[in-house]
There are 2 protein chains.
Amino acid sequence: MEESQDESESAYLQRYDSRNYPSPLVTVDVVIFAVIDDALNVLLVKRGGHPEKGKWALPGGFVRVEEDRDLEAAALRRLRQETGVETPYLEQVATFGDGQRDARGWSLTVVTMALIDAASANFSSGETVQETRWSAVEHCADLTLAFDHARLLEAAVQRLRAKVEYTALPIHLMPEAFTLSELQRVFEIVLGRRVEKASFRRRIREASILEAIPGEKRRGSNRPAQLYRVVEGEGAHFFPRTLTGRRGAS
Amino acid sequence: MEESQDESESAYLQRYDSRNYPSPLVTVDVVIFAVIDDALNVLLVKRGGHPEKGKWALPGGFVRVEEDRDLEAAALRRLRQETGVETPYLEQVATFGDGQRDARGWSLTVVTMALIDAASANFSSGETVQETRWSAVEHCADLTLAFDHARLLEAAVQRLRAKVEYTALPIHLMPEAFTLSELQRVFEIVLGRRVEKASFRRRIREASILEAIPGEKRRGSNRPAQLYRVVEGEGAHFFPRTLTGRRGAS
DNA sequence: GAAATAGTGTCTGTGAGACACTATTAG
DNA sequence: CTAATAGTGTCTCACAGACACTATTTC
C-alpha cells in the first residue's frame, strides 16, 4: 500500500495499472422470476461454452467495463438479451465471492433478481443461439445447475418469499391489467400457501397501490371482475405487519 | 464466448488466463457501527495513500485472492485489523460498481456492515499506522468522505434503521451484560425516536432472545436493574409487526 | 333456476401505543 | 421521607385471520 512519498495523485494514477494486481473474476447473474402455469418459474440458459459446458445456469456473464455503465446496467443487458424486457422490477440480492465457485479462479458474482410478466418475455430476441427455458423453482434442484447457481437461486427465492410477506412485490409479476383474484393467486403461488380473500383485498385496497381501470372487466361464466393496474410512481409499498398465515406463525 | 469446438474443459482451463480480460477493481468496505456517547457512530480511517489521500474513508481495501477465503473473510480481515474484534455481527449490505467511483477505473465494492460494542474495540491493534476515529453518523456529512463512501454509509445506515423496526439487531451493539433500559436506549439512539417502555419490554420478553443473568444487577442510586445476556444460538429474530412510532406511521 | 366466481360485513385475536401505576434502591 | 430508575397492569387501536354472507354474471 505504500508508494513513494509525496507523489501527486495524477502521477500516481498515470503510473497505476490494474493489470499488475491479481483481481477476482467479476460476473453478474440474473434470477428472472415469472409465474407460469400456477408455479413460480426461473429462466435458465444452457451453457454453450466452458466451463460447466452443457449445464443449465442462470443468465449471467462477465461485467464488461467498456460497455456496462454500472452493475445494474450489466444485469439489465443480460435480461434484455434473454427476454427483451426493458423495464422489469430489479433488485440486487447479494454478492457471492470465493476461490472455489469457478474453476477459472477467485470469482465474484452480483446476484440480481428480476420480476417480469411471463407473457411479456420474448424468447427469440437473443443473438446468442443458446437454449433457454423456464423451470419451476420447485424442480430446479433436479437440474444440478452450473457453478454454485443453486445457492444463488436459493438466496433469490428466499429474498422474494420474505418480501412478499410485507410488501406487494408480486404486482411486478402481473400483466398490465389484472383482477384482484388473479393477484391473490400469484401471492399464493409465491408464498406456497393460501391467503384469506377478505384480508388480502383489505390490505391491497388500503395500500392504494392499484387503481381500478374504469369500465374494464374480466368476463367468464360468472360475475365479471374489475380489472386493476399498478398506480404509476408507487415505490415498493411496505406493510406494517407481515402476513402470518395461520395463527402466530413466526 | 465461443471457443474452438469440442475442446475439453481441462484444456480450456489450462489455456485460460484472466489477465487477458479487463476486469473491474474489487474492494470490500466495512461500515463498523457502535454506539458511543448516546450516538450512533461509524469507524473511519484517514487514507494514507493515493487516490483520495488524506480524506476520511470507510475501512476497506482490495480483495486479496491469495489471502481471503471469501468476501466475508475479506471484510473480517479488515475489521480485525482496525478493531481487533473477532466475532461481530456481520451483514452484507449491497454492492456498488460503476466506472466513475474510483479514478483508477471501473471499480466495484461489496459493502458490509458490522455491529460491535464500542468498548470491545481495541484501536491500537492495527499494524498500519493510520489515523482512525469514530464519527457520529449525524456528522459524517461534514467530512466529505473519500470516493462514494457517503453513499455506501447511507445505504448501511438505511439498512440498519430499517431492520431495527422489525428485528432485535441492536443486541449486537451491546456489551456482554446489559439491562433492558440500556438496550431500549440503544434502540432509541439508532431509530432516532422514543420507544414505549412497556411495549418494548413485552416485545423483547416474548421473543425469548435474552436471558436474565441470575443474581446479577446493575446498581445505582435507584432500584437495581436485572442484567441480561443474549441467548446463544439465537439467529436474528423477526417480529411480525414493525415498531410504528406514534399512531399510523407508514 | 344452478353454478361459479366477485366482492363485503363483521367478529376474533394479536401485539403495539399510551400511560398510570407499583417496586426497590440510595441517601 | 424524597429522588430516581426498574418494572407492571391494563386500556385502546390497528390490522390479520376466519368465515359467512351478498352480488352478478353465464348457462
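- The phosphate of C/dT14 (OP1 or OP2) has no side-chain N or O of A/Arg241 nearer than 4.0 angstrom.
- Side-chain to base pairing of B/Arg202 with C/dA16: one donor and one acceptor N or O lie within less than 3.5 Å of each other.
- Within 6.0 Å of CD in A/Glu72 there are 12 or fewer heavy atoms belonging to other residues, nucleotides or ligands.
- Within the 4.0 Å cut-off from OP1 or OP2 of D/dT26, at least one side-chain nitrogen or oxygen of A/Arg219 is found.
- The stretch residues 161-191 of chain B does not touch DNA chain C, since none of its heavy atoms comes less than 4.0 Å from the strand.
- An OP1 or OP2 oxygen of C/dG7 is reached within less than 4.0 angstrom by a side-chain nitrogen or oxygen of A/Arg201.
- Between the CG atom of B/Asn222 and the P atom of C/dG27 there is a distance of 10 Å, given to the nearest Å.
- Nearest-nucleotide positions on DNA chain D for A/Leu243 and B/Ser199 put B/Ser199 closer to the 5' end.
- Using modelled atom types, no side-chain atom of A/Asp70 and backbone atom of A/Asp68 make a donor-acceptor pair closer than 3.5 Å.
- Nucleic acid contact for A/Lys217: none, since no nucleic acid atom lies under 4.0 Å from a heavy atom of the residue.
- Between the side chains of A/Tyr89 and A/Glu91, a donor-acceptor pair is found at a separation under 3.5 Å.
- The side chain of B/Pro240 lies closest to C/dG15 when the candidates are C/dG17, D/dT24, C/dG15.
- Contact annotation: B/Ser221 does not reach the phosphate of D/dT5 (side-chain N/O to OP1 or OP2, under 4.0 Å).
- For B/Glu206 and C/dA16, the CD to P distance is 7 Å, given to the nearest whole Å.
- B/Thr109 places no side-chain N or O within donor-acceptor distance of the main-chain N or O of B/Val111, the cut-off being under 3.5 Å.
- For the pair A/Phe200 CZ and C/dG7 P, the interatomic distance rounds to 12 Å; values are reported in whole Å.
- For A/Arg223, counting side-chain heavy atoms from C-beta on, the closest listed nucleotide (C/dA16, D/dT24, C/dT24) is D/dT24.
- No side-chain donor-acceptor contact under 3.5 Å links A/Arg78 and A/Thr27.
- Inter-residue side-chain proximity for A/Asn41 and A/Ile32 is flagged as unmet; no heavy-atom pair is nearer than 4.5 Å.
- For the residue pair A/Gln226 and A/Lys217, a side-chain donor N or O sits within less than 3.5 Å of a side-chain acceptor on the partner.
- Checking the phosphate oxygens (OP1, OP2) of C/dA16, no side-chain nitrogen or oxygen of B/Thr242 falls inside 4.0 Å.
- The side chain of B/Ala198 lies closest to D/dG9 when the candidates are D/dA4, D/dG9, C/dT8.
- Distance CZ (A/Arg205) to C1' (C/dT8): 8 Å, rounded to an integer number of Å.
- Separating the CG atom of A/Leu227 from the P atom of C/dA6 is a distance of 11 Å, rounded to the nearest angstrom.
- As a whole-Å value, the separation of A/Ile204 CD1 from D/dC15 P is 14 Å.
- Under the salt bridge (Lys or Arg N to Asp or Glu O under 4.0 Å) rule, B/Glu165 has a single partner from B/Arg193, B/Arg203, B/Arg241, which is B/Arg193.
- Between A/Lys197 atom NZ and D/dT22 atom C1' the separation is 11 Å, expressed in whole Å.
- Between B/Arg218 atom CZ and D/dG7 atom P there is a gap of 11 Å when expressed in whole angstrom units.
- Relative to the side chain of B/Gln226, the nucleotides D/dG7, D/dG17, C/dG17 differ in distance, and D/dG7 lies closest.
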